[in-house]
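Both backbone and side-chain heavy atoms feed into the values below; hydrogens, waters and symmetry mates do not. All figures in this text were calculated on a predicted structure; none of them were measured in a lab. Read the numbers this way: they start at 1 and go in the same order the structure lists the ligands and their atoms.
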Amino acid sequence: MTKQERQRRMHELDEGIRVCVRCPLHKSRTHAVPGEGPVGAEVFFIGEAPGGKEDRLGRPFVGPSGMLLNRLLETAGLKREEVYITSCVKCRPPNNRTPHTNELNICQATWLDRQIDLVDPSIIVLLGRVALQQVLKDQRSLRQIHGEVVARDGRQYFLTYHPAVAFRVPETRDSMEEDMALLKQLLATQLHAARK
Ligand code: URA
């Protein structure tokens, strides 16, 4: 598929997400938040769900978690405009509660899996427990496995905390910085291998 065709399909997905009414979350949203970034991005970040500012603006990770994510991207040697960023569900849950299983499953099957296929990244960064459990069905604690890479069904996943955790548990900020330094190394090795 040409890049132009992938862009067209991504645009169609974004439009579909903005008017989606497949799960109850649409009832309380202001704006759905599709995702941002180029098709063909090498790194694809998946958070949990839009928060208040994302809901108001219709853009992912533009609130406090987004500010921290921007700094973590710098540590990983990545520019925000070169990565793809989205969340497991595209609409803000009421009072920022954790998304329910049916909401997560519907949104993954209808939108997230298709976003991943279109972007076709070399690595997917799962931000936090909800993304880890939803995408990999992995119940382990991030405390034990953050910074690890998991290969599954032809894709590579990098596991780290959700930036919001750093506001509640400040020590995780250091762990996230370390994880991003590891990610930087991993990307450098991959790029090196790809150029050989
Ligand atoms: N947290 C997320 O998981 N996604 C956002 O877009 C914002 C905060």
Side-chain angles (χ1 to χ4, degrees), residues 10 13-18 20 23-26 28-38 41 43-76 78-116 119 121 123-138 141-142 146 157-170 172-173 175-177 179-180 183:
M10 185 58 94
L13 274 195
D14 290 352
E15 292 304 303
I17 290 169
R18 288 195 183 98
C20 180
C23 90
L25 289 182
H26 78 275
S28 51
R29 76 175 176 226
T30 313
H31 293 107
V33 182
E36 260 178 24
V43 193
F44 189 110
F45 287 81
I46 307 178
E48 177 177 327
K53 190 155 183 192
E54 289 79 15
D55 175 69
R56 280 197 299 285
L57 299 180
R59 295 185 55 205
F61 282 98
V62 287
S65 292
M67 298 308 106
L68 179 50
L69 179 62
N70 289 347
R71 288 208 289 278
L72 292 165
L73 288 174
E74 276 177 36
T75 307
L78 294 165
K79 295 196 184 76
R80 183 161 166 136
E81 58 275 16
E82 72 186 354
V83 301
Y84 194 87
I85 303 177
T86 191
S87 303
C88 289
V89 296
K90 315 304 187 198
C91 297
R92 181 194 188 194
N95 302 315
N96 296 337
R97 66 158 166 77
T98 305
H100 295 158
T101 306
N102 65 320
E103 296 159 352
L104 286 160
N105 288 342
I106 290 170
C107 209
Q108 180 175 2
T110 317
W111 305 117
L112 181 62
D113 286 343
R114 289 156 77 193
Q115 289 175 313
I116 295 172
V119 174
I123 190 138
I124 297 175
V125 180
L126 300 177
L127 298 168
R129 178 186 59 84
V130 169
L132 172 70
Q133 291 183 352
Q134 179 61 22
V135 177
L136 294 182
K137 309 295 171 220
D138 193 326
S141 158
L142 273 168
H146 72 91
Y157 297 86
F158 184 85
L159 318 180
T160 191
Y161 295 98
H162 190 288
V165 177
F167 301 119
R168 278 182 277 122
V169 191
T172 48
R173 168 82 193 259
S175 304
M176 291 190 84
E177 293 281 358
D179 290 350
M180 290 301 116
L183 178 63

[atom1]/[X] to [atom2]/[Y] distance, rounded to the nearest 0.5 angstrom?
X: E177; Y: E74; atom1: CD; atom2: CD; answer: 9.5 Å
X: L57; Y: H31; atom1: CG; atom2: NE2; answer: 8.5 Å
X: D55; Y: R29; atom1: CG; atom2: CZ; answer: 9.5 Å

query = Which ligand 1 atoms are under 4.0 Å away from a heavy-atom of G47?
reply = 3 (O)

request  = With heavy atoms of S87 as the reference, note each atom of ligand 1 found under 4.0 Å away.
outcome  = 2 (C), 3 (O), 4 (N), 5 (C), 6 (O)

ask   = According to the interplanar angle, ranging from 0 to 90°, do the rings of H146 and Y161 count as parallel (below 30°), tilted (30 to 60°) or perpendicular (above 60°)?
value =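 H146 and Y161: tilted rings.
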
message = Ignoring hydrogens, what is the shortest heavy-atom contact between H162 and S65? Give both atom names and the distance.
response = CE1-OG, 3.8 Å

task = Could you tell me the residue and atom name of the protein heavy atom closest to atom 6 (O) of ligand 1, and the distance to it rounded to 0.1 Å?
result =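 That would be F61 N, 2.9 Å.
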
ask   = How close does the nearest protein non-hydrogen atom get to atom 3 (O) of ligand 1, and which residue and atom is it?
value =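 Looking only at protein heavy atoms, the one closest to atom 3 (O) of ligand 1 is E48 N, 2.5 Å.
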
task = Looking only at distances, please establish whether an N/O atom of ligand 1 is found under 3.5 Å from an N/O atom of P60.
result =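 Looking only at distances, the answer is no, because the N/O contact criterion of under 3.5 Å is not met.
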
ask   = When only distance counts, is H162 in polar contact with ligand 1, meaning an N/O pair under 3.5 Å?
value =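 So ligand 1 has an N or O lying under 3.5 Å from an N or O of H162.
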
request  = Return yes when A49 approaches ligand 1 closer than 4.0 angstrom through a heavy atom, no otherwise.
outcome  =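 Checking ligand 1 against A49, which is what was asked, there is a heavy-atom contact under 4.0 Å.
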
message = Among H26, E54, E103, Q115, which residue satisfies the side chain to side chain donor-acceptor pair (under 3.5 Å) criterion with K90?
response =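 Between K90 and the candidates, side chain to side chain donor-acceptor pair (under 3.5 Å) is satisfied uniquely by Q115.
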
